[in-house]
Amino acid sequence: MGCCFSSDSETTDPDGDEVKPLIPDPNQERKPTNGSERNADNLPSNRTDEQALLTVILQRTALNIIDVSAVDSQGMEQHEYMDRARQYSTKLEVLSRTLSQKKPVPLPSLTSQPHQVLAADLVPHADVQQVSKIAAYAYSAISQIKVDAKEELVVQFAIP
Amino acid sequence: MSIEYEEQLAGSLVDSFPKDFGYGVENMDMMQENLENSPSADNKPRILLMGLRRSGKSSIQKVVFHKMSPNETLFLESTNKIYKDDISGSSFVNFHIWDFPGQVDFFDPTFDYEMIFRGTGALIFVIDAQDDYVEALGRLHLTVSRAFRVNPEINFEVFIHKVDGLSDDHKIETQRDIHQRANDDLADASLEKLHLSFYLTSIYDHSIFEAFSKVVQKLIPQLPTLENLLNIFISNSGIEKAFLFDVVSKIYIATDSSPVDMQSYELCCDMIDVVIDVSCIYGLKDEGNGNAYDKESLAIIKLNNTTVLYLKEVTKFLALVCILREESFERKGLIDYNFHCFRKAIHEVFEVSGSTQRMGGATVQSSPPSCSGNGLSRLKSTALNGTPRSLV
């Protein structure tokens, strides 16, 4: 920062950056500044940069990692629990009323009241075809099951 | 029996003499090897395994990096030439391991020890604790003093090896004695700045892996960041202990800041062995190509003492092994999310180091694991030998 200010007092920052490597004049007062900058280009600068990067990695990791022991302490108050339960129940009731309109009609039961079965609409032909196709697929898949015998996983170690 | 042994020893000495002291030929060979390896050798630090003959250097190298059974090391022949092992293709440990013959003579003018020590990151000196170690200590002093003059940055590690046959009191006494004598020698030579680290090791238990882990960790510049990431991960996930393992060698390159107890470490090592073995049996694809360990590798082992071991892949060569309570594991979903954040951070850390290295940062010693065909095949062959060791 001090170096920057001293540069600003004489020339603008970009001009200073351009001039410094071109004319390292030993007669001027900026000789120690040039020396320190030359030192910055040396090994300690690489080490400092590497150390800074490693510190950033450490800090970011510490920030991202979740404290496992803190999970238990996030309990809810009893009244808050009851409030949320009522809130969720209300929402579910609203949804259930909405969804009931779209619910498909189940197949009629054959165990009682045969007159209702006879009076109901016929099962669509497309549904019958779909069920038949699914059954055919299942039968085909089951018939293709084969046992592929390989070497035994458990063998007796015998000394030759 | 003893006479026969002496004859074999004499034969071994006679056989190894020409290679050890073939001045012109040996020097030429070494120079050629150096020229050939100079591009890659400059980038990868070196770990030297040194010590007297029959101290166990090659056994350590075989057991840690090539999954040799400790019992098979009894049949290893004496190393008569510097054995260079580039394990970076099959392991996260991106180093060269050099296994030195015990009879290398540093006073030989044709031996260019300066070249060797200049590029070395760690020097491991192996001392046989079951033997009379006075000669070994003399050699240790000569080796480390010479290496320190060439390269003071070397980490000097002393493995007090073959301690499996010693009682606990004898181990402590041996370590204390070696520690005292070695440091006294250094003080006499005005080498107080030379620091030695000592480890009690044996290839028949996990101590050799523990010691090698410590040596390798000193050479990884990102270690503090890795440890911090592990601390963040386990403290937020209810995990008691976590290790970041190199799957091939079972060296852990980082762990959280809680203390390491050997029993937990052994459990994690055994888990890796089990995972690799089961994956080799059932996990390989029909073509047989690919690796037993890949990014989908995952294992959960629940022990009968309500402890859970949880293993997940982090990178091509690294796996995270966690130890946690069963009740903590009930939040597996959150732990998995936290692991996802951890894994992403690890990849970013290595990307930062890789980019800095590309920018000419010579200090970066560790780069992201490279993906190469040789590495893949080597990992597969190595993993196939992941048989649990049978302790005597």
Side-chain angles (χ1 to χ4, degrees), chain A residues 3 17-18 20-22 24 34-77 81 84 144-160, chain B residues 220-240 242 278 281-282 286 322 324-325 327-367:
Chain A
C3 294
D17 288 341
E18 291 178 1
K20 287 172 189 174
L22 291 177
N34 293 334
S36 66
E37 286 180 355
R38 290 200 193 90
N39 289 335
D41 292 335
N42 290 333
L43 217 52
S45 177
N46 280 343
R47 289 188 183 179
T48 306
D49 292 342
E50 182 178 346
Q51 197 61 41
L53 287 171
L54 296 177
T55 304
V56 168
I57 294 171
L58 277 171
Q59 291 170 355
R60 185 163 61 240
T61 305
L63 197 65
N64 290 334
I65 280 186
I66 294 173
D67 190 354
V68 168
S69 60
V71 172
D72 288 345
S73 64
Q74 299 174 359
M76 263 191 289
E77 299 294 339
Y81 178 88
R84 291 197 184 187
Q144 291 179 15
I145 293 177
K146 301 175 184 176
V147 176
D148 191 356
K150 292 188 175 180
E151 57 178 300
E152 292 177 324
L153 290 179
V154 180
V155 297
Q156 295 291 334
F157 286 107
I159 300 175
Chain B
I220 296 177
Q222 304 98 337
L223 185 64
T225 304
L226 299 180
E227 288 177 348
N228 282 327
L229 284 172
L230 282 164
N231 287 330
I232 292 169
F233 173 65
I234 71 160
S235 63
N236 286 279
S237 305
I239 290 168
E240 294 183 359
V278 172
I281 297 171
Y282 300 107
D286 293 337
C322 309
L324 63 162
R325 311 300 300 178
E327 57 264 24
S328 301
F329 195 65
E330 290 174 0
R331 305 184 188 88
K332 178 177 178 300
L334 277 174
I335 293 174
D336 284 345
Y337 169 76
N338 287 348
F339 172 81
H340 170 74
C341 299
F342 170 82
R343 186 174 184 277
K344 187 166 175 287
I346 292 289
H347 282 253
E348 289 173 352
V349 166
F350 291 138
E351 283 175 3
V352 165
S353 305
S355 63
T356 307
Q357 191 175 17
R358 280 190 293 269
M359 289 165 54
T363 56
V364 177
Q365 293 176 330
S366 179
S367 61

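Note on naming: letters A, B, ... go to the chains in the order of the sequence lines (proteins, then strands), and numbering restarts at 1 for each one. Predicted, not measured: the structure shown is a model, and the values here were computed from it.
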remark   = When every non-hydrogen atom of A:I57 is compared with those of B:V349, the smallest separation belongs to CD1-N, 3.8 Å
key: Residue list, salt bridge (Lys or Arg N to Asp or Glu O under 4.0 Å) with B:E330, at least two apart or on another chain   = none
request  = To the nearest 0.5 angstrom, please state how far the CG atom of A:D67 sits from the CG atom of B:N338.
outcome  = 8.5 Å
Contact summary for B:C341 and A:T61, nearest pair of heavy atoms = O-CG2, 4.2 Å
remark   = Taken to the nearest 0.5 Å, the spacing of B:L229 CG from A:L54 CG works out to 9.0 Å
inquiry  = If we define contacts as heavy-atom pairs under 4.5 Å, which of B:P224, B:S237, B:S235, B:G238 has the most with chain A?
reply    = B:S237
request  = Could you tell me which non-hydrogen atom of A:L58 sits nearest to which non-hydrogen atom of B:T225, and how far apart they are?
outcome  = CD2-O, 3.9 Å
Salt bridge (charged side-chain N to carboxylate O under 4.0 Å, His left out) partners of residues 220-239 of chain B, not counting sequence neighbours, each pair once = none
